[in-house]
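Report on one structure; see the data block that follows.
Quick note: numbers below take in every heavy atom, side chains included, and nothing from hydrogens, waters or symmetry partners. Not measured: the values here are computed from a predicted model. Throughout, a chain's letter reflects where its sequence line sits, starting with A, and its residues are numbered from 1.
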Protein chains: 2
Amino acid sequence: MAKTDTKSRILDTAERLFARKGFDAVSLRTIIAAAKVNLAAVHYHFGSKQALVHAVIARRLRPINEERLAKLAEARAKAGRRPLKLERLLDCLFRPLFRVQADPKTGPTFARLVGRVMGERNEGLHKFMMGELADVIIQFGAAFEAALPGLTKEEADWRSHFMAGAMAHTLCNADLLVRFTGTDADASDYEATVRRLIDFTAAGFRAKVTPPTRPRKKK
Amino acid sequence: MAKTDTKSRILDTAERLFARKGFDAVSLRTIIAAAKVNLAAVHYHFGSKQALVHAVIARRLRPINEERLAKLAEARAKAGRRPLKLERLLDCLFRPLFRVQADPKTGPTFARLVGRVMGERNEGLHKFMMGELADVIIQFGAAFEAALPGLTKEEADWRSHFMAGAMAHTLCNADLLVRFTGTDADASDYEATVRRLIDFTAAGFRAKVTPPTRPRKKK
DNA sequence: ATTTAATTCAAACGACTGTTTGAAACAGGC
DNA sequence: GCCTGTTTCAAACAGTCGTTTGAATTAAAT
């Protein structure tokens, strides 16, 4: 396996370009030119562009999801019989994801990549992502319901949906806000982001449910 | 102007297809085949595909933003000197946007379209959207800060960001959640969605700010 | 009816896409 | 050295893309 770095170079370059411009907007020829490898190498090592996209995502996302589930299991073990605190739950979900921003090796490059995935319209990619996230969705979904005994399942689902939106949007447009507010995108500031996101979403989860508007007044 | 409906047919068909598959994923040839017009008609009436995309978006989004600002102005007038209530503010922002879901003419088709725009990576499209939304962002941004005297500007900006994420994600994947929870996507149910979104985001805005874990001074 | 302008049409343009091919270059085992 | 399997390479394939062209058609104005 002497020159297997070809595979890695494709992965790294593709990740960088995908994050910057999107999956469909970056052609294979753009990637192989930047990575200085042959065009056919992509199909030799990955089989297709779609498979390359999946590989790029899975390489980063899988460890994150594993860490999420591990942290959740650990928190559960520590809590014993007591119900998990909502903030603790959100921390298990957010921290492994946002921590990659602090990693100087991956840098903010990957953060946008993951955020990008959620907004992607590609049908196949969506299926793939749902498969990758299935465990996380199931485990955390159940945990949220358990941590919010006052909410109906329907209401809890909606709020999980809102939370996911806030999370994805934050990850995807992190730089946008930073430039907008002038805040310094200090790499280690991911903790502040996580803290803010937990504050916001935890309060959202716990919000009092406003009853439907009473009998209609005139239109 | 007898057969000017060619222009409208292109606009309507493009909107439908864009909403379903995304802007880049739908080719002009797909549109003109469904609309039963000639390929060159698109360039004759709009000039380019990008201009068509802009026209499709602006046709729907402009009235929405005008209504948002009108509602905000009205609320301000009614409140007089008193500060605007946060829920009222959010209602001005959400309702005009989600109300289109109830319109049987546009239907949920357009809802996904607008939601889709926010997740789009296209550089030019992003600039265009920022231009369309500039007034709304400025006006509501200031209003949010005024309604949240206890928050620093930085914190208020972050939470506006989270709110925008929840809003966009909800609009974009509305059908996804409906299918997931089995809730009926009754057209008139947009009011329930708006209510839920206001509950969640208002509580998020009002959340207590957790101080950093270490006794670290802020900058 | 003739002229003028607005609109539609079929056909092609050049550039780009993901993918495939078959021959080279290379590796390590014998 | 030869041989075997892995990896790289230039070239082409078969489409699709947005855009342009110039003539044909239609509508309106004179």
Can you tell me if the side-chain N/O atoms of A:Asn38 get under 4.0 Å from OP1 or OP2 in D:dA10?
yes
Distance, rounded to the nearest Å, where A:Phe46 contributes CZ and C:dG18 contributes P:
15 Å
Hey, are B:Glu123 and A:Arg20 close enough for a salt bridge, meaning a charged N less than 4.0 Å from a carboxylate O?
no
Starting at CG of B:Asp24 and ending at P of C:dC16, how long is that distance when rounded to a whole Å?
16 Å
B:Ile32 CD1 to D:dT16 C1': how many Å, rounded?
13 Å
Could you work out which one of D:dA10, D:dT8, D:dT20 sits closest to the side chain of B:His43?
D:dT20
Under 4.0 Å between a side-chain N or O of B:His45 and OP1 or OP2 of C:dT8?
yes
Charged N to carboxylate O below 4.0 Å: is that the case for B:Arg195 and A:Glu155?
yes
Would you kindly compare A:Ala25 and A:Gly47 by the position of their nearest DNA chain C nucleotide and give the one closer to the 5′ end?
A:Ala25
To the nearest Å, how far apart are B:Lys49 NZ and D:dT20 P?
15 Å
Whole-Å distance, B:Tyr44 OH to C:dA10 P, equals 17 Å
Which of the following nucleotides, C:dA11, D:dT21, C:dT8, is nearest to the side chain of B:Ala40?
D:dT21
Distance, rounded to the nearest Å, where B:Arg29 contributes CZ and C:dA11 contributes C1':
11 Å
To the nearest Å, how far apart are A:Leu39 CG and C:dT19 C1'?
8 Å
Could you tell me which residues satisfy ring-ring contact (aromatic ring centres under 6.0 Å, His included) with A:Phe94, sequence neighbours excluded, listed by chain and number?
none
So what does A:Ala41 touch, heavy atoms closer than 4.0 Å: a base, only the sugar-phosphate, or nothing?
nothing
How is the base pairing of DNA chain C summarised as a dot-bracket string, given the Watson-Crick and G-U wobble criteria with both distances under 3.5 Å, [ ] for crossing and | for another strand?
.||||||||||||||||||||||||||.||
B:Ser27 side chain to B:Thr30 main-chain N or O, any donor-acceptor pair under 3.5 Å?
yes
Compare side-chain N and O positions of B:Ser48 against OP1 and OP2 of D:dG18 and report whether any pair is under 4.0 Å apart.
no
Rounded distance in Å - NZ (A:Lys36) to P (D:dT7)
22 Å
Give a yes/no answer on whether the side chain of A:Ser27 brings an N or O atom under 4.0 Å of OP1 or OP2 in C:dT17.
yes
Residues pairing under salt bridge (charged side-chain N to carboxylate O under 4.0 Å, His left out) where one sits in residues 23-38 of chain A, two or more places apart or in two chains, turn out to be none
Would you name the heavy atoms of B:Leu86 and B:Ala202 that are closest together and state the gap between them?
CD2-O, 3.6 Å
Any ion pair linking B:Arg95 and B:Glu67 (charged N to carboxylate O, less than 4.0 Å)?
no
